[in-house]
Number of protein chains: 2
Amino acid sequence: MNTMKMTPQRLAVLQYLNGNTQHPSAEEIYRAVSLQYPTMSFATVYNTLETLRKAGTIQELWIDPLRKRFDPNPLPHNHVICIQCKKIVDVAVEQIMELPDRLSEEFEIVNSQVTFFGICSACKKQ
Amino acid sequence: MNTMKMTPQRLAVLQYLNGNTQHPSAEEIYRAVSLQYPTMSFATVYNTLETLRKAGTIQELWIDPLRKRFDPNPLPHNHVICIQCKKIVDVAVEQIMELPDRLSEEFEIVNSQVTFFGICSACKKQ
DNA sequence: CTGGCTGCAAATCTTTTGCATCCTG
DNA sequence: CAGGATGCAAAAGATTTGCAGCCAG
């Protein structure tokens, strides 16, 4: 985990993300942080998210087909996503997954995660 | 699994995908099929892929952050992706994953998959 | 002063959409 | 003839990039 210069914009992004369980997209983060920093630009949001990711502070999720989502928890953990409304919820890791031998020769694994696809109760009602 | 009208374009997409282990993107599929059908349009590729997905013939993967990828194997299975070159390789399912009780009340799971993130041997050499 | 950060606008890339035309049954 | 499929172009969305100006050490 590297150090990084702490600017007001970066702090604002961090604070918005911190403890946030919604797995927001860049656009949602931009909208929220804009309230405090009306001059905040999209480029800065993307730059900041990339910097935070490289620093190991946050995690980028590629689970939603429409956009990247961001998770303040950088530790490996699992997710369940509603295939209708794209709501994402954290799932605790219950077992470590391993590659079959044949593939573990070809790939050096740095992380793994389980994704559950389902329908949330709110969407099921409709 | 529904029936669908079999047009030459759809057949060409299906044949390109069939047995293909590369998990190609829409653009790669378009380029390949264009060789046979020079008038084939992007819209038709996307329409066809969506039709095939709805018919349960293929699977859409949301693993590569840059683009959707398509898998001719519609059955649940796992993947390993190289975080550098984005190469994707199939991984056999070795155990069925389940949601913790608390969440299984909120979500009705339709599928789950494990994604391994790693570096492939080709990228490791560099 | 210098390097990094920001803000803005434009560019890029993927995917979707509207619409006219074309086939096929 | 009707409905679905195709091709084309434009639109829409997400993300990246170039660049000028700013700020802090």
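So that the names make sense, note that chain A is the first sequence line, chain B the second, and so on, each numbered from 1.
A salt bridge is defined here as a Lys NZ or Arg NE, NH1 or NH2 lying under 4.0 Å from an Asp or Glu carboxylate O, and B:E106 with A:K87 meets this definition.
For B:F42 and D:dA5, the CZ to P distance is 20 Å, given to the nearest whole Å. As a whole-Å value, the separation of A:I29 CD1 from D:dT15 C1' is 13 Å. Separating the CD atom of A:E28 from the P atom of D:dT15 is a distance of 11 Å, rounded to the nearest angstrom. To the nearest angstrom, C1' of D:dT16 lies 16 Å from OH of A:Y30. The nearest whole Å value for the distance from the CG atom in A:N47 to the P atom in D:dC19 is 16 Å. Rounding to whole angstrom units, NZ of residue A:K86 and C1' of D:dG13 are separated by 15 Å. If you take CZ of A:R69 and P of D:dA14, they are 12 Å apart, rounded to a whole angstrom. As rounded to whole Å, 10 Å separates atom P of D:dT17 from atom CD of A:E50.
Dashed line: the shortest gap from a side-chain N or O of A:Y46 to OP1 or OP2 of D:dT15 is under 4.0 Å. Note on A:T44: a side-chain N or O is less than 4.0 Å away from OP1 or OP2 of C:dG7. For C:dT14, neither phosphate oxygen OP1 nor OP2 lies less than 4.0 angstrom from any side-chain nitrogen or oxygen of A:K68. Remark: A:R10 is in phosphate contact with C:dC5, judged by side-chain N or O atoms under 4.0 Å from OP1 or OP2. Proximity of B:T7 to the phosphate of D:dT6: a side-chain N or O atom is located under 4.0 Å from OP1 or OP2. Within the 4.0 Å cut-off from OP1 or OP2 of C:dG7, at least one side-chain nitrogen or oxygen of A:T39 is found.
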**Prompt:** Given the rule in the salt bridge (Lys or Arg N to Asp or Glu O under 4.0 Å) test, do A:E108 and B:K124 qualify, once you have shown the distances and angles that lead to the verdict?
**Reply:** CA-CA 8 Å; A:E108 184 179 317; B:K124 218 184 321 181; 3.6 Å; yes
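Looking at heavy-atom distances under 4.0 Å, A:E27 makes no contact with the nucleic acid at all.
Residue whose closest nucleotide on DNA chain C sits further toward the 5' end, between B:F70 and A:T51: A:T51. Map B:K5 and B:S25 each onto its nearest nucleotide of DNA chain C; the residue landing nearer the 5' end is B:S25.
Under a hydrophobic clustering in which Ile, Leu, Val, Met, Phe, Trp and Tyr are joined whenever their side-chain heavy atoms come within less than 4.5 Å, directly or via other members, B:L103 and A:I83 fall into different clusters.
Closest to the side chain of A:A43, out of D:dA9, D:dT6, C:dA9, is C:dA9.
In this structure, a donor-acceptor pair under 3.5 Å is absent between the side chains of A:D64 and A:H23.
Considering CG of A:L35 and OH of A:Y16, their distance stands at 9.5 Å, rounded to 0.5 Å.
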